[in-house]
Amino acid sequence: MEQKYRELIERYEMEYEEWNRKSNIMGVLKLVLFFACVSLIFLFWFVSHSVLSGLAAGISFILFAAASLWHEDILRQMKERAGLCEIAKMDEKRLAGEWTGFSDSGEEYVDDEHGYAVDLDIVGSHSLFQFLNRTHTYFGREQFASDLLHPAFTDEEIRRRQEAVEELQSDYEWAARLEYYFSQIGLDRRFPELVAELNNPSRFLPFWYADHIVNLLRTVTGVSIALFCYTKSNAAFSFLCMLLLLQLALGMLGDYHIKKYLAYTRTSARKIAPYAEIIHQWESRVFHSERLCMIQSRLSEASEGIRRLSRISSHMRYTVHPVSRFVLDGLFLWSFKNAFDFQQWKYEYGEQVQQWFTLLGETESLMSFAGLAWNCSTVCLPVVSGSERKIEAQKIGHPLLRNEERVCNDFQMQDAIVMISGSNMSGKSTFMRTVGINVVLAGAGSYVCAEWMCCPQMRILTSMRIADRTTEGISTFYSELLRIRRIIDAAKETDNLLFLIDEIFRGTNSTDRLQGAEGVIKKLRSLDACGMITTHDLEICRLGDEQGIINYSFYEEYRDDEMFFDYCIKEGISKTTNAEFLLRKVGIL
């Protein structure tokens, strides 16, 4: 993918420069047409009233308007190329391991009470969320975080999600273009207010005939303008002025109620238009996976509604500036028209809005999971089945490590407690997190970092990054006891638990550690719990002689007074320790 990213970046940069050149030419042309239009209108109005001069003025105005629209399209093309280029550059950084600087790490989802979020680096700085996240909207981001932290899918739903993720990853350029359109909406935490407003069935005015009166006034004003332009009589001018004053008065009287009724929709108008383009992208593509076909069908039903809402929102934008609002409200009661159009829209589509945005959020989440296949060299779609508590993987690795640095291992555990021993820095904790984070991905219907993997859906509870809670008067050891108590309680309630305990009871003395660890392991085994425990204490590993407790280990080699790790997991208890070597290495011994 590195070569593909580089080619795309170069292509987008070249296309941007080409569109920029066209923009400069169009800017000059617009300036010429503007002066020509002003001159011809002045000539027609004050000098010559001939049909020819009027026709010339009309044509010049049409040409200027066409040039303005064309220039707007050119600027849109420039902006799109710049956005696509930025997306490719971010993927290039993901591939190079430079993603830890991305601004959105999902820090607000960090919860120390969550079963695994902090210990497995799911959210927060240097997390899976930060690495995979391609969401740009409120609903997409919430959905992605929920899929990582609170997956609740059946095996069949996971299968359908896997098919969708696989199909999305097959076309990087299309997915990147879709991501760009989502980025034009942006993250707005008040967006649920917009959805609530769109779903609110209340009427703008309680009088059923109010909109007919407004339409009648607008029609009469339009006829009066045409009549005055044709006759230029004082009577027509006086009547037109009276109408304009009446409509301005109505606009001022209704201003508060209009702003209250349109509220958030009026201020977020620019965020609605990109949704129309997103749905167009979905409509114009042929999908094969069941989930994506369903989403496409639902979004096709939403197509007309979103287009109409986008058009209404664009009309609302015209009245943001005081001058344009004064003119449009005075001539056409524009704000009233927008309010009645919005009322009619809510009547027709309001009940479906929540589902539309939920589905669009789901597509962003699925694209984020698809991205793992673009930037991780070893991926597969795991076999997820709840039939037996067995985790089996070939070449399983940690997805947050760079491809060049990642060491993959074969691993298998079934209805057992796995004890992993090893010296400092040998890879015990990283491997435990490797298994945990891939089980999380599997439960979300995502790719995993492995050549092949099979696992059931499992509730994960961890006890890894333990810290004292000074303000609560709780020590590190007691904090760990609370975590382990939670694991034991969960093991009593469910048989699909996967527990991960790192350096069990490291916060106490060796005698208590051995006694406490032995009690915890036997208790968990009696509850038929399944999980992994790492330890430095080789005495604890002696429990591996009992049924249902299996020993694995990591250890180092020494060559020429240097220590080397291969980070490959091996059966049995660790054969080495390195504390004395490290103490001598730093000059303490």
State plainly whether the residues [X] and [Y] are in salt-bridge range, i.e. N to O under 4.0 Å.
X: R291; Y: E362; result: yes
X: K4; Y: E173; result: yes
X: R483; Y: D112; result: no
X: D489; Y: R485; result: yes
X: R159; Y: E163; result: yes
X: R285; Y: D171; result: yes
X: K346; Y: D341; result: no

(Q) Looking at every non-hydrogen atom in both residues, tell me the closest pair between S125 and E107 and how far apart they are. (A)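 For S125 versus E107, the nearest heavy atoms are N-OE1, 3.4 Å.
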Backbone of [Y] reached by a side-chain donor or acceptor of [X] within 3.5 Å:
X: Q412; Y: I391; answer: no
X: N438; Y: T434; answer: yes
X: S303; Y: S300; answer: no
X: T494; Y: A491; answer: no
X: E451; Y: K395; answer: no
X: Q343; Y: A339; answer: no
X: S23; Y: W19; answer: no
X: S284; Y: Q281; answer: yes

More than 12 heavy atoms of other groups within 6.0 Å of [X] [atom1]:
X: E13; atom1: CD; answer: yes
X: E72; atom1: CD; answer: no
X: M14; atom1: CE; answer: no
X: W174; atom1: CH2; answer: yes

Paired with Q457, the side-chain hydrogen bond (donor to acceptor under 3.5 Å, both in side chains) test is passed by just one of D155, N496, T154, namely D155
- Could you give me the CA-CA distance, side-chain angles and deciding distance for F411 and M532, then say whether side chain to side chain contact (heavy atoms under 4.5 Å, CB included) is met? CA-CA 12 Å; F411 178 72; M532 303 169 68; 4.1 Å; yes
- Do the side-chain N and O atoms of Q3 and E7 include a donor-acceptor pair separated by under 3.5 angstrom? yes
>> Could you walk me through whether Q77 and K22 satisfy the side chain to side chain donor-acceptor pair (under 3.5 Å) test, starting with their C-alpha distance in whole Å, then the side-chain angles of each, then the deciding distance to 0.1 Å, before giving a yes or no?
In response: CA-CA 11 Å; Q77 294 286 354; K22 294 178 180 179; over 6 Å; no
Contacts of F369 meeting ring pair (Phe, Tyr, Trp, His ring centres under 6.0 Å) (sequence neighbours excluded), chain-then-number -> F144
Ring pair (Phe, Tyr, Trp, His ring centres under 6.0 Å) filter on Y12, not counting sequence neighbours, yields none
Margin query: Would you call the rings of Y349 and W345 parallel, tilted or perpendicular, taking 30° and 60° as the class edges?
Written below: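 The arrangement is tilted - the two ring planes meet at 30° to 60°.
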Taking the six-membered ring for Trp, are the ring centroids of Y5 and W374 within less than 6.0 Å of each other?
-> no
Point to revise | Ring center gap for F357 and Y275 short of 6.0 angstrom | key: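 F357 vs Y275: aromatic centres under 6.0 Å.
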Residue pairs passing the side-chain hydrogen bond (donor to acceptor under 3.5 Å, both in side chains) test with at least one member in residues 140-149, sequence neighbours excluded, are D104-R141, E108-R141, Y109-R141, Y109-E142, Q143-D147, D147-R161, D147-S365
Q.
Could you work out, with salt bridge (Lys or Arg N to Asp or Glu O under 4.0 Å) as the rule, every residue matching D502, not counting sequence neighbours?
A.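 Result, salt bridge (Lys or Arg N to Asp or Glu O under 4.0 Å) vs D502: none returned.
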Notebook entry, point to check: Residues in salt bridge (Lys or Arg N to Asp or Glu O under 4.0 Å) with E351, at least two apart?
Noted result: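 With sequence neighbours excluded, E351 shows a salt bridge (Lys or Arg N to Asp or Glu O under 4.0 Å) to no residue whatsoever.
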**Q.** Option passing side chain to side chain contact (heavy atoms under 4.5 Å, CB included) with W99 (candidates M90, E92, R94)
**A.**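 Single side chain to side chain contact (heavy atoms under 4.5 Å, CB included) partner of W99 among M90, E92, R94: R94.
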What pairs with E364 under side-chain hydrogen bond (donor to acceptor under 3.5 Å, both in side chains), at least two apart in sequence or on another chain?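 Applying side-chain hydrogen bond (donor to acceptor under 3.5 Å, both in side chains) to E364 gives T137.
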